[in-house]
A.B. asks: 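The structure that follows is given in the form of structure tokens.
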Amino acid sequence: MTTRDDAYDLIGVGFGPSNLALAVRLAQSDAAGLLRTTYLERQPEFGWHRGMLLDDSRMQISFLKDLAMLRDPTSRFTFVNYLFEQGRLQDFVNLKQFYPTRIEFHDYLRWVARGFDDLVGYGEDVTSIEPVFDTRDRRVVTHVRVRSLDAAGRVRERAARALSIGIGGAPAVPAPFASLAARRDPALVHSSAYLSSIGALIGDGSARRRVAVIGGGQSAAEVFVDLTRRFPNVDATLIMRGPALRPADDSPFVNEIFNPSFTDVIYAQPDDRRRATLETFRSTNYSVVDRPLIESIYELFYMQRVRADVRHRLIANASIDSAGRIETNARESGIELHVRAGEGAQRCVERFDAVVLATGYRRDGHLALLEGLTDALGVSPARCDVTRDYRLQTGGHFQPHIYLQGCCEDTHGLSDTLLSVLACRADEIAASLLQRAPQPPRADAIRAQAHNGASDSLAAVAL
Ligand SMILES: Cc1cc2nc3c(=O)[nH]c(=O)nc-3n(C[C@H](O)[C@H](O)[C@H](O)COP(=O)(O)OP(=O)(O)OC[C@H]3O[C@@H](n4cnc5c(N)ncnc54)[C@H](O)[C@@H]3O)c2cc1C
Ligand SMILES: NC(=O)c1ccc[n+]([C@@H]2O[C@H](COP(=O)([O-])OP(=O)(O)OC[C@H]3O[C@@H](n4cnc5c(N)ncnc54)[C@H](OP(=O)(O)O)[C@@H]3O)[C@@H](O)[C@H]2O)c1
């Protein structure tokens, strides 16, 4: 059944930290009660990379870069206030720790998200976005229509004057694994689904299991260490393209590129200079590992030699030519990798019971969602510029504002996919939105607002 709601001032697509930060910012604005907003999230409840919520995994930025602190240290939505309200602030201080566990930060984000439950449609997967034309002038687009599939399989449609797309990344699957992934091979898993899948792949622990981890970044290192620590029946092999695990550069001068104020600097650079800047600082974030984790992996290999018990391996300088299912007989199953490795690029065949792709994320999911706007925009969304306030630049005939979060690295810098700028980016988007969004309050809206005290009480504008 298709239902049709009235127009929203803002629909957030995805409810991860990006749109959560925006919800927080809007809740703290004077216009909060005048905006009709909703956020659509495909997960059944709030979750921040749950598939990688490993016990000893830590944050990669300071807890001070939470959803609100850098914009407004007095906000009740800060991590410090969360600690205070949980009764842990004093004990947290005793930890002398800037980098809480991801489990604790996840709990903080969930604590904030709970305050917005009435604004979020959990279990709703946004499938397409289309233009809504002015009935009097078919050249003018006044709204966008957001189509989603809810948990019960119903298609829902909502119209909005503005969108904030914050859908994060999608698993990147290297070409040799594409057909196994397309067939949903049960022995192949991406790191984003590691925790929910690994148990079934490892079994009850009675049989030895060979597991390969592909990649040389933080996810690969964390998965590899988890396999070696938690599963005594696993022989783990880390297979990476590069020659060595390399540390993330988080030294203070370099770290300035993650200051919210640096966004102005990088955005203002000419394209070629900006590309060079991104390349120079790539090793702050991608294909790099926290130094203590590298050291613990090195020690693990060293201790294997001391014990003369070499079970876990690292294959560096490796390229994978192909990957296929082992079909030999009923007793042997799994995935076979054709690998070229070492300085001489020797060919070898490796067999595994399971393969974990820790091969990072693609950031182009918004383009597929926005494809349905191409004719109305007059150009593919991929070719539209993005303004400093994160808005897709459109012609005057296209009135809805479409804000992009987490997919503007090319224009807004390496902090765009991270938590570093969340609070300030939300401020900039909110300012841009509020410049045009609040409609003069109508009598019924004011009555509803007084009655509900909620931020989504403005009666809808009919289409
Ligand atoms: C394991 C891991 C750990 C990380 N740790 C850190 C860290 O410590 N510090 C840091 O700065 N960065 C970290 N990052 C980077 C990460 O991108 C940010 O922390 C943060 O998650 C970005 O928030 P987001 O809301 O933009 O994206 P996400 O957190 O990915 O949230 C996007 C949301 O959109 C939803 N969604 C996607 N498509 C749709 C759709 N079509 N319809 C409805 N909902 C949809 C998803 O379910 C998800 O909930 C980490 C990344 C990973 C993978
Ligand atoms: N504790 C935490 O806070 C935590 C945990 C995990 C992840 N993260 C964050 O999440 C983000 C992503 O990290 P990530 O480790 O998932 O991804 P990543 O840094 O992008 O690393 C991906 C790895 O996969 C390899 N790879 C990609 N394509 C490949 C191919 N075709 N064949 C072989 N190898 C391939 C890359 O190799 P090359 O190096 O050769 O390109 C790289 O080593 C980062 O911001 C990271 O900091 C944070």
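Only a predicted model underlies this, so the values are computations on that prediction, with no experimental measurement involved. Counting starts at 1 for both ligands and their atoms, in listed order.
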A.B. asks: Which of the atoms in ligand 1, numbered in the order shown and given with their element, are less than 4.0 Å from a heavy-atom of Gly166?
C.D. replies: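 It comes down to these atoms of ligand 1: 32 (C), 33 (C), 34 (O).
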A.B. asks: Using side-chain heavy atoms (C-beta onward) and a distance below 4.5 Å, is His143 in contact with Arg158?
C.D. replies: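 Answer no - side chains too far apart.
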A.B. asks: Please list the nearest protein heavy atom to atom 31 (O) of ligand 1 with its residue and the distance rounded to 0.1 Å.
C.D. replies: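 The answer is Gly16 CA, 3.5 Å.
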A.B. asks: Any N or O on Tyr361 sitting closer than 3.5 Å to an N or O of ligand 1?
C.D. replies: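 Tyr361 vs ligand 1: no N/O contact under 3.5 Å.
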A.B. asks: Give the residue and atom name of whichever protein heavy atom lies nearest to atom 9 (N) of ligand 1, and the separation in Å to one decimal.
C.D. replies: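 Here the nearest protein heavy atom works out to Leu419 CD1, 3.7 Å.
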A.B. asks: Which atoms of ligand 1 are found less than 4.0 Å from any heavy atom of Glu124?
C.D. replies: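 Reading through ligand 1 atom by atom, the close ones are 42 (N), 43 (C).
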A.B. asks: Are any non-hydrogen protein atoms located under 4.0 Å from atom 29 (C) of ligand 2?
C.D. replies: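 Given the 4.0 Å limit, the answer for atom 29 (C) of ligand 2 is yes, a protein heavy atom qualifies.
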A.B. asks: Starting from atom 6 (C) of ligand 2, which protein heavy atom do you reach first, and at what distance in Å?
C.D. replies: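 For atom 6 (C) of ligand 2, the nearest protein heavy atom is Ser219 OG, 3.3 Å.
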A.B. asks: Tell me which protein heavy atom sits closest to atom 45 (O) of ligand 2, plus the residue, atom name and distance to 0.1 Å.
C.D. replies: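 Of every protein heavy atom, Asn285 OD1, 2.5 Å lies nearest to atom 45 (O) of ligand 2.
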A.B. asks: For Leu418, counting its heavy atoms only, list the atoms of ligand 2 lying under 4.0 Å from any of them.
C.D. replies: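 Every atom of ligand 2 under 4.0 Å from some heavy atom of Leu418: 45 (O).
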A.B. asks: So, regarding Arg425 and ligand 1 (criterion: nitrogen or oxygen to nitrogen or oxygen, under 3.5 Å), is there a contact or not?
C.D. replies: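 By distance alone, the answer is no.
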A.B. asks: Between Asp353 and Arg210, does any NZ, NE, NH1 or NH2 come within less than 4.0 Å of an OD or OE carboxylate oxygen?
C.D. replies: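 Not counted as a salt bridge, because no side-chain N and carboxylate O are separated by less than 4.0 Å.
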A.B. asks: Any idea which protein heavy atom is nearest atom 44 (N) of ligand 1, and the distance to it?
C.D. replies: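 Ranked first by proximity to atom 44 (N) of ligand 1 is Arg42 N, 3.1 Å.
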A.B. asks: Please report which non-hydrogen protein atom sits nearest to atom 7 (C) of ligand 1, along with the residue it belongs to and the distance in Å to one decimal place.
C.D. replies: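 Nearest neighbour among protein heavy atoms for atom 7 (C) of ligand 1, to 0.1 Å: Gln60 N, 3.7 Å.
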A.B. asks: Keeping the roles fixed (side chain from Asn19, backbone from Ser164), state whether a donor-acceptor pair exists under 3.5 Å.
C.D. replies: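 It does hold such a pair.
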A.B. asks: So, do Phe301 and Phe224 have ring centers that fall under 6.0 Å from each other?
C.D. replies: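 Close enough - the centres of the two rings lie under 6.0 Å apart.
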A.B. asks: Considering non-hydrogen atoms of the protein only, which is the closest contact for atom 23 (O) of ligand 1, and what is the distance?
C.D. replies: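 Checked against all protein heavy atoms, atom 23 (O) of ligand 1 sits closest to Pro17 CD, 3.4 Å.
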A.B. asks: Counting each atom of ligand 2 from 1 as listed, which ones have a heavy atom of Tyr361 under 4.0 Å away?
C.D. replies: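 Within the 4.0 Å cut-off of Tyr361, ligand 2 contributes 16 (O).
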A.B. asks: Hey, is ligand 1 close enough to Asp125 that some N/O pair sits below 3.5 Å?
C.D. replies: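 Yes - when backbone and side-chain N and O of Asp125 are compared with those of ligand 1, one distance drops under 3.5 Å.
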A.B. asks: Can you sort out which atoms of ligand 2 are near Arg102, meaning under 4.0 Å from one of its heavy atoms?
C.D. replies: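 Every atom of ligand 2 under 4.0 Å from some heavy atom of Arg102: 1 (N), 2 (C), 3 (O).
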A.B. asks: Which of the numbered atoms in ligand 1 are below 4.0 angstrom from a heavy atom of Arg102?
C.D. replies: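 Going through ligand 1 atom by atom, the ones under 4.0 Å from Arg102 are 1 (C), 3 (C).
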A.B. asks: Mark up the atoms of ligand 1 that fall under 4.0 Å of a heavy atom belonging to Arg363, in ascending order.
C.D. replies: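 Those qualifying, in numeric order: 17 (O).
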A.B. asks: Considering the heavy atoms of Arg58, write down every atom of ligand 2 situated less than 4.0 Å from one of them.
C.D. replies: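 Listed by number with element: 1 (N), 2 (C), 3 (O).
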A.B. asks: So, is Met59 polar-close to ligand 1, with some N/O to N/O distance under 3.5 Å?
C.D. replies: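 No; the residue has no nitrogen or oxygen that sits under 3.5 Å from a nitrogen or oxygen of the ligand.
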A.B. asks: Take the angle between the ring planes of Phe46 and His106 and call it parallel below 30°, perpendicular above 60°, tilted in between.
C.D. replies: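 It falls in the tilted class, 30° to 60°.
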A.B. asks: Among protein heavy atoms, which lies nearest atom 20 (C) of ligand 1, and at what distance?
C.D. replies: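 Residue, atom and distance for the closest contact: Trp48 NE1, 3.6 Å.
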A.B. asks: Under 3.5 Å, is there a donor-acceptor pair between the Thr37 and Tyr8 side chains?
C.D. replies: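 Absent: no donor and acceptor within the cut-off.
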A.B. asks: What atoms of ligand 1 come closer than 4.0 angstrom to any heavy atom of Ser18?
C.D. replies: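 With Ser18 as reference, the close atoms of ligand 1 come out as 23 (O), 24 (P), 25 (O), 26 (O).
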A.B. asks: Quick one: sort the Phe63 and Phe79 rings into parallel, tilted or perpendicular, breaks at 30° and 60°.
C.D. replies: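 Tilted.
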A.B. asks: Can you sort out which atoms of ligand 1 are near Leu40, meaning under 4.0 Å from one of its heavy atoms?
C.D. replies: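 Answer, ordered by atom number: 43 (C), 44 (N).
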A.B. asks: Any salt bridge linking Arg25 with Asp72? Criterion: basic side-chain nitrogen under 4.0 Å from a carboxylate oxygen.
C.D. replies: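 Asp72 and Arg25: not salt-bridged.
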A.B. asks: Out of Arg282, Arg241, Arg362, who gets a non-hydrogen atom closest to atom 32 (N) of ligand 2?
C.D. replies: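 Considering heavy atoms of Arg282, Arg241, Arg362, the nearest to atom 32 (N) of ligand 2 sits in Arg241.
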A.B. asks: Taking only Lys NZ, Arg NE, NH1 and NH2, and the carboxylate oxygens of Asp or Glu, determine whether Glu409 and Arg274 approach each other closer than 4.0 Å.
C.D. replies: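 No.
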A.B. asks: Could you check Gln304 against Arg313 for side chain to side chain donor-acceptor pair (under 3.5 Å), going step by step and ending with a plain yes or no?
C.D. replies: CA-CA 10 Å; Gln304 287 194 148; Arg313 297 180 300 155; over 6 Å; no
A.B. asks: Hey, which atoms in ligand 2 end up nearer than 4.0 Å to a heavy atom of Ser57?
C.D. replies: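 Numbered from 1, ligand 2 contributes 1 (N).
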A.B. asks: Tell me the protein heavy atom at minimum distance from atom 1 (N) of ligand 2, and give that distance in Å.
C.D. replies: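 Checked against all protein heavy atoms, atom 1 (N) of ligand 2 sits closest to Glu222 OE2, 2.7 Å.
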A.B. asks: Quick test: of every protein heavy atom, which one is nearest to atom 25 (C) of ligand 2, and how far off is it to 0.1 Å?
C.D. replies: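 Answer, as residue, atom name and distance: Gly215 CA, 4.0 Å.
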A.B. asks: A cation-pi test, strictly: NZ or CZ of Arg110 under 6.0 Å from the centre of the six-membered ring of Trp48 and no more than 45 degrees from its axis. Yes or no?
C.D. replies: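 Negative - Arg110 is either too far from the ring of Trp48 or too far off its axis.
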A.B. asks: With heavy-atom distances below 4.5 Å as the criterion, would you say the side chains of Ile129 and Ile165 are in contact?
C.D. replies: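 Ile129 reaches Ile165 side chain to side chain.
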A.B. asks: Please determine if Glu336 and Arg325 form a salt bridge, counting it only when a charged side-chain N lies under 4.0 Å from a carboxylate O.
C.D. replies: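 No, no charged N to carboxylate O under 4.0 Å.
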A.B. asks: Thinking salt bridges, do Glu104 and Arg88 make one under a 4.0 Å N-O criterion?
C.D. replies: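 Yes, Glu104 and Arg88 are salt-bridged.
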A.B. asks: Please confirm whether His412 and Tyr390 have ring centers closer than 6.0 angstrom.
C.D. replies: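 Between Tyr390 and His412, which both carry aromatic rings, the centre distance is below 6.0 Å.
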A.B. asks: I need the atoms of ligand 1 closer than 4.0 Å to a non-hydrogen atom of Ile61, numbered in the order shown.
C.D. replies: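 So the atoms of ligand 1 that pass are 9 (N), 11 (O).
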A.B. asks: Under 4.0 Å from a heavy atom of Gly216: give me the atoms of ligand 2 that qualify, with their elements.
C.D. replies: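 Listed by number with element: 23 (C), 42 (C), 43 (O).
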A.B. asks: Give me the residue, atom name and distance of the protein heavy atom closest to atom 22 (C) of ligand 1.
C.D. replies: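 In this structure, atom 22 (C) of ligand 1 has Thr417 O, 3.8 Å as its nearest protein heavy atom.
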A.B. asks: I want to know if ligand 1 touches Gly169 in the polar sense, i.e. an N/O pair below 3.5 angstrom.
C.D. replies: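 No, since none of the N or O atoms of Gly169 sits under 3.5 Å from an N or O of ligand 1.
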A.B. asks: So for ligand 1, is Ser219 a polar contact partner (N or O within less than 3.5 Å, distance only)?
C.D. replies: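 N/O-N/O distance under 3.5 Å: no.
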A.B. asks: Out of Gln60, His49, Met59, whose heavy atom is nearest to atom 3 (O) of ligand 2?
C.D. replies: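 Answer by nearest heavy atom: Gln60.
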A.B. asks: Ligand 2 versus Met240, non-hydrogen atoms closer than 4.0 Å: side chain, backbone, both, neither?
C.D. replies: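 Met240 to ligand 2: no contact under 4.0 Å from either part.
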A.B. asks: Go through ligand 2 atom by atom and flag the ones less than 4.0 Å from a non-hydrogen atom of Ala358.
C.D. replies: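 Here the atoms of ligand 2 in question are 22 (C), 23 (C), 24 (O).
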A.B. asks: List the closest protein heavy-atom neighbour of atom 31 (N) of ligand 2: residue, atom name, distance to the nearest 0.1 Å.
C.D. replies: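 That would be Pro174 CB, 3.1 Å.
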A.B. asks: Please determine if Ser420 has a nitrogen or oxygen closer than 3.5 Å to a nitrogen or oxygen of ligand 1.
C.D. replies: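 Such a contact does not occur with ligand 1.
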A.B. asks: State whether the shortest distance between N or O atoms of Leu418 and N or O atoms of ligand 1 falls below 3.5 angstrom.
C.D. replies: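 Such a contact does not occur with ligand 1.
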A.B. asks: Closest non-hydrogen protein atom to atom 24 (O) of ligand 2, residue and atom name please, with distance?
C.D. replies: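 Nearest protein contact, heavy atoms only, for atom 24 (O) of ligand 2 is Thr359 CA, 3.2 Å.
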A.B. asks: Quick check: does Glu41 get an N/O under 3.5 Å from an N/O on ligand 1?
C.D. replies: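 Yes.
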A.B. asks: Looking only at protein heavy atoms, which one is nearest to atom 28 (P) of ligand 1, and how far off is it?
C.D. replies: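 The closest heavy atom on the protein side is Gly168 CA, 4.0 Å.
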A.B. asks: Ignoring hydrogens and angles, tell me if any N or O in the side chain of Arg102 forms a donor-acceptor pair with the backbone of Met52 under 3.5 Å.
C.D. replies: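 Such a contact is found between Arg102 side chain and Met52 backbone.
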A.B. asks: Among all protein heavy atoms, pick out the one at the shortest distance from atom 18 (P) of ligand 2; state its residue, atom name and that distance to 0.1 Å.
C.D. replies: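 Its nearest protein heavy-atom neighbour is Ser287 N, 3.9 Å.
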A.B. asks: Check each atom of ligand 1 against the heavy atoms of Met52 and keep those under 4.0 Å away; list them by number with element.
C.D. replies: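 Listed by number with element, the hits are 1 (C).
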A.B. asks: Which heavy atom of the protein is the closest neighbour of atom 20 (O) of ligand 2, given with residue, atom name and distance?
C.D. replies: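 Sorting protein heavy atoms by distance from atom 20 (O) of ligand 2 puts Tyr286 CD2, 3.6 Å first.
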